[in-house]
Amino acid sequence: MGCPSPQFEVTAAVRDTKDCSCPPPRASSAFMVNSEIGAVLAVMRRNVRWGFHYMADEDQLEHPLIKSFKEIRKKVFSWQRQWHAINPVVYLQPFLDVIQSDETSAPITGVALSSIYKFLILEVVDMDTVNIADALHLIVDAVTSCRFEVTDPASEEVVLMKILQVLLACMKNKASAKLSNQHVCNIVNTCFQIVHQSSSKGELLQRTARHTMHELVRCVFMHLPDVSTNQQEFTQEGRSHGGDEVGVPDKESAASKQLDNGYTGSKIEIAGGALNLSAEVPEVKMDETAGEVGQSKNHLVTDPFGVPCMVEIFNFLCSLLNAVEHVGVGPRSNSLAYDEDVPLFALGLINSAIELGGASLGHHPEILALVQNDLFHSLMQFGLSPSPLILTTVCSIVLNLYHLMRVKLKLQLEAFFSCVLMKIAVNKHGASYQQQEVAMETIVDLCRQPTFIHEMYANYDCDISCSNVFEDLANLLSKSAFPVNSPLSAIHVLALEGLIAMVSGMAESVSNEVPVLEMDASTIEDHEPFWNVKCGNYENPDCWVPYIHKTKHVKKKLMIGADHFNRDPKKGFQFLQAMSLLPDRLDPISVACFLRYTSGLDKNLVGDYLGNHDQFCVDVLQEFAKTFDFQEMNLDIALRVFLETFRLPGESQKIQRVVEAFAERYYEQSPHILANKDAALLLSYSLIMLNTDQHNAQVKKKMTVEDFIRNNRLINGGNDLPREYLSELYRSICENEIRMTPEQGVMTHDNWVGLIHKSRQTAPFIICSSGDRINNEMFAILSGPTVAALSVVLDLVEQEDVLQTCIDGFLDVAKIAGCYHLGDVLDGLLVSLSKFTTLLLPMSVEESVLAFGDDTKARKATVAVFTVANMYGDYIRSGWRNILDCILSLHKLGLLPPRLARDAADDLDPNSEPDSRVSPLVVKPTLPPVRKTSLMYRFSEFLSYDTEKPAPQPSEEEVEARKRATETVKDCNIDSVFTESKFLQSESLLSLSKALILASNEDEDGAIFCLELLITVTLNNRDRIMILWQSVYEYIANIVQSAVMPSNLVEKAVFGLIRICRRLLPYKEDLTDDLLKSLQLILKLDARVADAYCEHITQEVMRLVKANVGLIKSQMGWRTIISLISISAIHPEASDAGFEILEFLMLDGAHLFPANFILCVNAARQFAESRVGDMARSVKSLDLMAGSAVCLVKWSNEAVEEEPEAVLQLYKDIGEMWVRLVQGLRKVCIDSREEIRNHAVLMLQRCLTGLEGIQLQGEMWLQCFDLVIFALVNDLLEIVEEKPAKEYRNMEGTLVLSLKLLSKAFLHSLPSISRSISFSKVWVGVLSCMDRYTNVKFRGKRSEKIRELVPELLKNTLLVMKSTGVLSPSDDSGPDGLWQQTWLHVKNIAPSLQSEVFPDDEPQTTEASPAP
């Protein structure tokens, strides 16, 4: 009765003042207070103790608690209009008195707490209330010192839960900012005490207490980002966690000390059954030295809460972990023998504080110092615990710390990554599968952070004193992704995701622009000592990028040098000198810095070297000691830092030298307590002996603290050292051994102390906002392991999501490799990917198509192969072969489009004629054409029609598989590989062509296919034909010259060559001769091959000539073309096309040039002599020959405009061409066909006598008579005399024509040759020919027609010679003179001609002439 209803309490409990948007009207606050007074009084009246007491006079005596409530009730309604002006302490005090009263029972205390809770959440008291700070302080003081009488366990738990509610409501109230640092600490302390004692209570109380603790921590630390450092500066006097002090975690901090110095603390007492908290439970202590440091500290305690209380709370949370560590949690605990509940709770609270405090934690030195030292040391310890839950929480904290404070936690993060995460991930220290999975998940989460991998590389791999974290992570993930004799597990997939996250992070930072590669560090002269290399600005990439390039280069050489040193120190120094890392003449400082700052050195060797008695080594030891900073450091800590860098040698003299060097350095920097360096030396020796005594199992009787103090009496300059100082040293050595033997990969206490010391001197943490300038070096480390891991996982994976992840990883690798022009990486990637296409497996076509269509992995891999080829082809070299193997397989399966690729000319000239001989790339391979026309073949073919069975219809499964396969091929855009080859870089283009040539060695069908692609690539790269031409020509030449029978391959080679020439001639004038010369390969074809393709070859040549006739300039080029035309003259199918070409060239001299004149004439002669065509074509050929003489006249007339020397040479050339023309006609003049023979004689006569304008010299005519006219006469007469009449019909007519030709040619040439010294010889030859004509016999009889014609022609000739004065009686130079020789021969032909021609001179001639 009188208690608030449960429903109301639940409602009130869940309300949050932060979300209370509608506070109650101020007038109603009085009613609320009155209502709560009534509720408390109602519960109190139920208890007999609180009823009325009567005295003798029957006066009523009320209990003071009840009376105070009634007093407030009388006044409360009078305060309604001025509620904010009323001091809340007045109406809160009765409730608070009840809470603190020993006499109240749990139900009464619970109702009072509920009332306070209601006032807080409904903002009966708020920021506007007068004296709100005092009110809140009173509430906190009352609740944290709550006392009540326990009647039953259930009521006790209810009160404890209400206490938690009220304290949390205080912190969530808007007025909580008025709480002091001390009161916030009290609140946290009280809640933690309830958490601690709730372990023996109900589950609900336990969970509520823990939840409240979390909420309190969140409420406190959420204000940290808003706290001004200037206003909330918290000095570090009297504390052991200063930012500048290096110390070890105090495992007893706040764990065993009672509250003192005026701090009353918080304590919940239960009357009748006191609740006693364990003395081992840590408490939040605002300041245990407040009374000693003065008024400033008192102000910090009472000021509104801020950084001071947050520092104490954070220290308290860290001390919880220290307390748990003290119980015995360590890396060697292989069972959950301890309760993981407490560390999980503490770690959860710390994580909440970090999440809410954010980056502001690092802005406050004391909190930062706690994080750097206490917290991280605990995280290192708990990270190796056997509990996956603890490891998960630890990893979450580290991930948050990396995100928020990595700049100030450089070495701590490195230690955690190296000594915890990576070791667990690779299953060291007996880690369970669950632990490995947690560690791997954390690594992957880190790798997914945008700048993580770049920062790991820049800050650790490029720091000479740090380990190669990035490289180690890459190797770890790669090895972890490999399933070794086991199926693919979640860890394998996680490792793969980590690798891909790395690669994706790099790929995202890669731009499409060509990267500016940094200067190779190997070319930099290392003049300055490597330990002095600094960066001018760690925030400017223009400064730190070159800096880390240089340090990485130095680090690589140092690692090699360290390896040499570990085998032989002398050789190690020699190597470092050769690498310019140490001076040519070693000095102690250089060697000391090398030993001090180089990681990976054998610490045993370092210790032996430093302890050596050699004077140089002694000097090195002195310089080595000077590299340490021992200021403000206790002696034991300094000794740990010093000995952590090497192993103390075992020889006593060496130990003495080392300890002396240490003591001297320590005394120089920390002379506060020690009187001289001898005191430092003796005390250091004493600590080493104490360490051996305490931690050597063979020593049975251990030294006590008194023994230790006694042993060190009078060592400080004759005086004793402070007892407290020695006791502290003793305790430190006893609790934490100075390990003389280094433990690899284990973070010992000494290692941690050394790390904290090292963190003072380490280079600042570099923030990599963009890693594109260091991707190249990182990718060189990452690419190999990534491709290998992707290949292994892809081989085993079946899940489609993992499969797609692998493919995406391959494409990211390709993107980076393409950006940085890493052809080797792309080639290796294509080798790996092509294996998964299944296209190279030996199966039948149907099986292959079905397998390919049903295999998602194969299809995705195929698309990836061609995606790489299309996007990054510029940098592919040997990988082209793998790409072509896939294309060939798709071709054999019939999955490629009918026309795979077109060349540039096809695309640019839509109106061009289709290439008659370039057949499209058919879907299925065809057999070479074989001509079979025999009767038996046709008969067997006819019979086969009846025996052929219909092809089986494919199943629905096969149809679907082929459909999927076809769609996949369509997505590959294979044609783009070749049509876009014109954009490939030269080296890649050459590699593609070589790959096409190599791939053609498989079978004939594949060779044909590759040849087609090679021709397409060649035509698409006409502007760069010189790159390809030699290899393409040699390949085609090899095919052509090795062919002995017709085949598709030879056909493609021949016509592909002609096609290349035809397409490229218009664009490459400087290559014209080479292109045309290549056609000579066709002339070398085997006769059977040439015969099979002659017609089509000629047609292609015709297209080439017609399209490019004006571009063929050289005689060599024309010789090749005309040779191809000439071959067709004797081929039945090809002769028509060949003659068409010839006619195109020669008709009207349209395309005759000095370079091709003789060649065309000879070709025309061959067509004239050919018996393949009809007679008319031979006649036409002769007409073309004769008609070509017009060009000679034309050229002769044009020569007048040239220089005199050029004119003479041109006339000479024209004369030679004329001689060759008439020589060709002469050969046809002896043809056995009468019509051709006679027409040839007439055309010859036309060329000899019908040309006007040609400047023919006498020598040309003389040559013509000897080679043409006289030779023709001789040939004709021989035919008549020797050949049968049936073979050469009607030779009489031919002789008549030739006789006329002889006469006319002589008369026509007479002006030119009459003055020649050889004229008489020519003239005698003419007379001799006429004489032979008169004596020729046909069928045994002389020809009357000829006998009549000869004198007539002779007489006409003589008359012309007479009229021109060539022949006259005065020209009588003896018996050998022209006159005598003439008549000597004329008398044999026609004796009367002399008198007829020279009637007046006959007697003289007769007298002179000898008697007949």
Side-chain angles (χ1 to χ4, degrees), residues 246 465 529 531-532 565 569-570 572-573 582 586-599 601-692 712 715-717 721 729 732-733 738-742 750-751 753-758 760-761:
V246 178
S465 62
W531 56 90
N532 289 335
F565 178 88
K570 184 177 180 181
F573 290 138
L582 290 179
L586 291 177
D587 60 82
I589 295 178
S590 300
V591 176
C593 290
F594 167 73
L595 299 176
R596 175 75 168 89
Y597 299 114
T598 303
S599 60
L601 294 177
D602 187 332
K603 293 188 176 183
N604 293 320
L605 289 176
V606 175
D608 288 337
Y609 187 88
L610 292 175
N612 198 299
H613 68 278
D614 182 80
Q615 184 58 44
F616 183 80
C617 294
V618 173
D619 294 340
V620 170
L621 175 60
Q622 296 297 323
E623 296 298 333
F624 183 83
K626 290 179 182 179
T627 62
F628 291 87
D629 180 12
F630 296 140
Q631 295 183 35
E632 304 298 329
M633 195 179 294
N634 287 341
L635 180 64
D636 65 312
I637 295 176
L639 189 60
R640 293 178 193 276
V641 170
F642 187 69
L643 296 180
E644 191 268 338
T645 57
F646 62 93
R647 183 180 185 272
L648 193 65
E651 187 178 338
S652 60
Q653 292 181 348
K654 290 185 177 182
I655 295 175
Q656 180 179 356
R657 280 189 286 270
V658 171
V659 177
E660 283 178 354
F662 164 76
E664 182 176 351
R665 178 62 175 171
Y666 182 79
Y667 178 72
E668 287 177 2
Q669 295 188 311
S670 299
H672 309 299
I673 296 179
L674 301 175
N676 49 48
K677 64 180 181 181
D678 291 335
L681 175 63
L682 292 173
L683 189 55
S684 299
Y685 258 117
S686 182
L687 289 178
I688 293 174
M689 289 189 293
L690 175 64
N691 186 74
T692 304
N712 290 285
I715 66 172
N716 195 26
L721 287 165
L729 292 177
S732 175
I733 298 298
I738 300 177
R739 296 188 179 273
M740 301 300 180
T741 303
D750 292 350
N751 296 143
V753 172
L755 183 146
I756 297 299
H757 172 75
K758 182 181 174 183
R760 295 178 177 180
Q761 302 172 333

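What you see is a predicted model; the values in this text were computed from it and never measured. Below, each value reflects all heavy atoms present in this structure, side chains not excepted, and no hydrogens, waters or symmetry copies.
- For the pair Leu674 and Tyr667, the tightest heavy-atom approach, listed with the atom from each and the gap, is O-CE1, 3.5 Å.
- Between Ala625 and Arg665 the shortest heavy-atom distance is O-CG, 3.2 Å.
- A distance of 6.5 Å separates CG in Asn634 from CG in Leu729, rounded to the nearest 0.5 Å.
- Contact check for Asn716 versus Leu682: no side-chain heavy atoms found under the 4.5 Å cut-off.
- Take Tyr597 and apply the side-chain contact (heavy atoms from CB on, under 4.5 Å) test, not counting sequence neighbours, and it matches Trp531, Cys593, Thr627.
- Interatomic distance, Asp602 CG to Asp608 CG, rounded to the nearest 0.5 Å: 8.5 Å.
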Please lay out, stage by stage, how Arg657 and Glu660 fare under the test salt bridge (Lys or Arg N to Asp or Glu O under 4.0 Å). CA-CA 5 Å; Arg657 280 189 286 270; Glu660 283 178 354; over 6 Å; no
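- The aromatic rings of Phe628 and Phe630 sit parallel to each other, their planes meeting at less than 30°, with 60° as the upper class boundary.
- For Phe642 against Val658, the heavy-atom pair with the smallest separation is CE2-CG1, 3.6 Å.
- Atom CG of Asn604 sits about 5.0 Å away from atom CZ of Arg647, to the nearest 0.5 Å.
- Side chain of Tyr609 to main chain of Leu621: no donor-acceptor pair is present (N/O by atom type, distance under 3.5 Å, no hydrogens or angles).
- Applying the salt bridge (charged side-chain N to carboxylate O under 4.0 Å, His left out) rule to Arg596 yields no partners; only residues at least two apart in sequence or on another chain are considered.
- Here Asp629 pairs with Gln631, Gln669, His757, Arg760, Gln761 under the side-chain contact (heavy atoms from CB on, under 4.5 Å) rule; sequence neighbours left out.
- Nearest heavy atom pair, residue Phe565 against residue Leu605, reads O-CD1, 3.6 Å.
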Output a table of donor-acceptor pairs, distance under 3.5 Å, between side-chain atoms of residues 683-692 and any protein atom two or more places apart or on a different chain; print 'none' if there are none.
residue	atom	partner	partner atom	Å
Ser684	OG	Ala680	O	2.6
Tyr685	OH	Gln656	N	3.3
Ser686	OG	Asn712	OD1	3.0
Ser686	OG	Asn712	ND2	3.0
Asn691	OD1	Ile738	N	2.6
Asn691	ND2	Ile738	O	2.9
Thr692	OG1	Ile688	O	3.1

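- Once rounded to the nearest 0.5 Å, the distance linking CG of Asn751 with CD1 of Ile756 reads 11.5 Å.
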Salt bridge (Lys or Arg N to Asp or Glu O under 4.0 Å), that's the test. Do Glu644 and Lys603 meet it? Break it down for me. CA-CA 9 Å; Glu644 191 268 338; Lys603 293 188 176 183; 3.8 Å; yes
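- Across all their heavy atoms, Arg640 and Ser732 have their closest contact at NH2-O, 3.1 Å.
- Checking side-chain atoms of Asp587 against main-chain N and O of Ser590 turns up a donor-acceptor pair under 3.5 Å.
- In plain terms, the two heavy atoms of Val606 and Phe646 that are nearest each other are CG1-CB, 3.7 Å.
- Looking at residues two or more places apart in sequence or on another chain, you find a side-chain contact (heavy atoms from CB on, under 4.5 Å) between Asn612 and Asp614, Cys617.
- Residues passing the side-chain contact (heavy atoms from CB on, under 4.5 Å) test with Thr598 are Phe530, Leu558, Ala562, Phe594, Leu601, sequence neighbours excluded.
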